[in-house]
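These numbers come from the heavy atoms of this one structure, side chains and all, not from hydrogens, waters or symmetry mates. All figures in this text were calculated on a predicted structure; none of them were measured in a lab.
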Amino acid sequence: MEKEREEQQQQLRALRAEIAALQRRLEQTHPAAALDPERDPELERRRPAGGRESAGDLEGQLGRAESGLSFLSRLTGISIADYSMARAQLPGSGGSAGENGLRVLRKGRLAGQCHAVPFQLEFQLLEMQSEESSSAAITDLSIVLEPMEYSALSRFVARTEEKRDLFLFFRSLHFFLEWCEYRQRTFQYFKEKYPAMVQLPGGTAADSMGLQSPHVPGFELVLVWTVHIDAEGKVVPELDLLTKIPEQALTLDQKEVVVRAPHCFRTLLQLLGIEAAIDSLIQLLRTEE
Amino acid sequence: MASSQKHVFSLTGVLYQLERLEAHDQRSARPQDGHQGPQDSETDLEAKILKLRKLRDELRTKVKLHEAGARIPIANLEPYEPLKNSEENLKMKLEKAKAFFQAFHLTGLSGKLTTKGVCICFNTAFEGNILDSYYVDLIIKKPLQIHRHSVPVFIPLEQIAAKYLETNFQHFVYSLSEHLNGYSGRKYQADQLQCGFSAFLARPLQRNSLCTLLSFTYTMDPSGESFPFCARLVYQDLTTTLPTDVTITYQGTGATPASWENQRAVHETLFYKNALHKVFESFLRVRENFDCVSSVP
């Protein structure tokens, strides 16, 4: 008897807990209804349209479009602030339909940000359509990137304008900025870990980091880490080690350790990767007496 | 109004019922601890359990309905609420959002959310020419899954996915885009050479499916009989559109004039640095110039 009662009491407690949980859920779903990005488009398409329904439908569509756009921005690192495209007169032809089929010229403008770098593009798009095939080509491209704090980008911009390769522009810019962000994080990490040894004269966003020996004043290693974009649009990081050593010390360096240091560092990079290579440099400076 | 009122009413209704039940619960709980006979308390408990069960079931259906209702824009439930956005305003915003979607195509990466995840579209181009698009349809769950795609089999999609799909989704997308653009670009160059400059070629150009190995025999003089040069272009990096290895040999028998060796070396450099069809365009220009000069008496 006693046991049965206890079981019932337990059941009651469980029920109450479940009811409370269900209630919380009910309260939560209600206000979030309009913001839910994962709405089923099928479901909404089936709803009758017209009158106020259509205003709601518009809002739903807008909500979906906006969440889609924010997803794309997160995915690509690119956000768009302004975009327009308009049909333009084809130079040197009266009508748009020639013997080679339909030709349409459009002029467009696109502005936004890639990571944190604002860009502005102007371009011409020529669409050609014949019975057998259709094609499109960017026939003119001009790029404004600002601020041009990265000198490596100005040559890249000029080359991209010449090749009119819009997709390559975004790809290279993404990889370039990704490397710069990685460099900044790495510099910051070492500065925080070894604040006394690590010197960042140009700040974390600059391309060099100094490592000072805690034991021998005037003995310094400088890591220069640049990011390049080559002629094909490939992003290549380049790391070099420079040494700042007092004259007197150099005369004592009979094994030419200092001279060989940059070469040794490159080998170290290949063996260990960037972070571990820098760390091992720091360990070396710390332990030397 | 009706629907909104019903909605609010039902919500408060549930709360009211719950409050009442709780009050009842407390009232009946008090004597239970005291001197009530076991007989009484048992029926009491049973009744309570039944009541609570009923309420729980009601709430369960409500939650289900509500969660389905979350798919319906809130404006539909409360049509008399003053709309924050006028219809005109909404339409304008929607047009703008749609245009921005279009604009993403210009970045080479675009896509849309699907019911289960996301479908990403990869646009490819070589220099200004916009080429094929490819799709990857992903299901968003753990682990992230490629549901279907139109990426050619010889593109190492699985390796790229294994490397980055879980750890760095953005990098996965850009890396795949690099591969697809590399392939499209190499294929485009080979096609252009094949279509536009077949007169220069002894026979159709040979290539592997990834277009990372191209081989062809060509001449500088399409009107002539001989095809003295044999080219082999290798693209070791799958993401590039310029060859990493160029080998030009001449096929002529007997003694080869010294000028040909010069030409061979010049061609090698040209193939390293320029798009394939651009090299042949330059051959064509040279020949036209030559024709011009030779036709002048």
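Taking the charged nitrogens against the carboxylate oxygens, B:Asp44 and B:Lys48 have no contact shorter than 4.0 Å, which rules out a salt bridge. Taking a cutoff of 4.0 Å between a charged side-chain nitrogen and a carboxylate oxygen, B:Glu127 and A:Arg164 do not qualify as a salt bridge. With respect to A:Lys107 and A:Glu122, no salt bridge is recorded, no charged nitrogen being found less than 4.0 Å from a carboxylate O. For B:Arg53 and B:Glu58, the salt-bridge test fails: no basic side-chain N is under 4.0 Å from an acidic carboxylate O.
Contacts between A:Ala81 and chain B at a heavy-atom distance below 4.5 Å involve the backbone alone (N, CA, C, O). Interface remark: B:Phe126 contributes backbone atoms only to the contact with chain A (heavy atom separation under 4.5 Å). If you measure heavy-atom distances from A:Glu178 to chain B, the contacts under 4.5 Å come from the side chain alone. The part of B:Lys98 that comes within reach of chain A is its side chain, from C-beta onward, which places non-hydrogen atoms under 4.5 angstrom from that chain. Only the side chain of A:Phe71 comes within contact range of chain B, with heavy atoms under 4.5 Å apart. Only the side chain of A:Leu125 has a heavy atom closer than 4.5 Å to any heavy atom of chain B. Contacts of B:Asp132 with chain A are absent, with no heavy-atom separation under 4.5 Å from either backbone or side chain. Of the atoms belonging to A:Leu168, not a single heavy atom falls under 4.5 Å from chain B. Contact of A:Ser84 with chain B is not made at all, since no heavy-atom distance falls under 4.5 Å. No part of A:Phe169 comes within reach of chain B, as not one of its non-hydrogen atoms sits under 4.5 angstrom from that chain. There is no contact between A:Ser135 and chain B, counting heavy-atom distances below 4.5 Å. Using a 4.5 Å cut-off between heavy atoms, B:Thr241 contacts chain A through both its backbone and its side chain.
Annotation: maximal heavy-atom pairing with chain A below 4.5 Å, among B:Asn123, B:Ile120, B:Leu131, B:Val173, occurs at B:Asn123. With respect to chain B, the highest number of heavy-atom pairs below 4.5 Å among A:Leu141, A:Asp82, A:Ile78 belongs to A:Ile78. Comparing B:Ser177, B:Ala99, B:Gly108, B:Gly128 by how many heavy-atom pairs each has under 4.5 Å with chain A, the most go to B:Gly128. For chain B, the option among A:Leu72, A:Asp140, A:Leu126, A:Leu166 with the highest count of heavy-atom pairs below 4.5 Å is A:Leu72.
The backbone N or O of A:Gly233 lies less than 3.5 Å from no partner atom in the side chain of A:Arg159, so there is not a single donor-acceptor pair.
A distance of 11.0 Å separates OG1 in B:Thr115 from CD1 in B:Ile140, rounded to the nearest 0.5 Å.
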- Just do the salt bridge (charged side-chain N to carboxylate O under 4.0 Å, His left out) check on B:Asp237 and A:Lys234 with the steps written out, would you? CA-CA 11 Å; B:Asp237 183 345; A:Lys234 283 256 156 213; 3.7 Å; yes

- Report the C-alpha separation of B:Tyr188 and B:His277 in whole Å, then their side-chain angles, then the decisive distance to 0.1 Å, and conclude whether the ring-ring contact (aromatic ring centres under 6.0 Å, His included) test is met. CA-CA 9 Å; B:Tyr188 176 78; B:His277 55 286; 5.6 Å; yes

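In this structure, A:Gln113 and A:His115 approach most closely via the heavy-atom pair OE1-O, 3.6 Å. Residues B:Gly111 and B:Phe101 share a closest heavy-atom pair of O-CE2, 3.3 Å.
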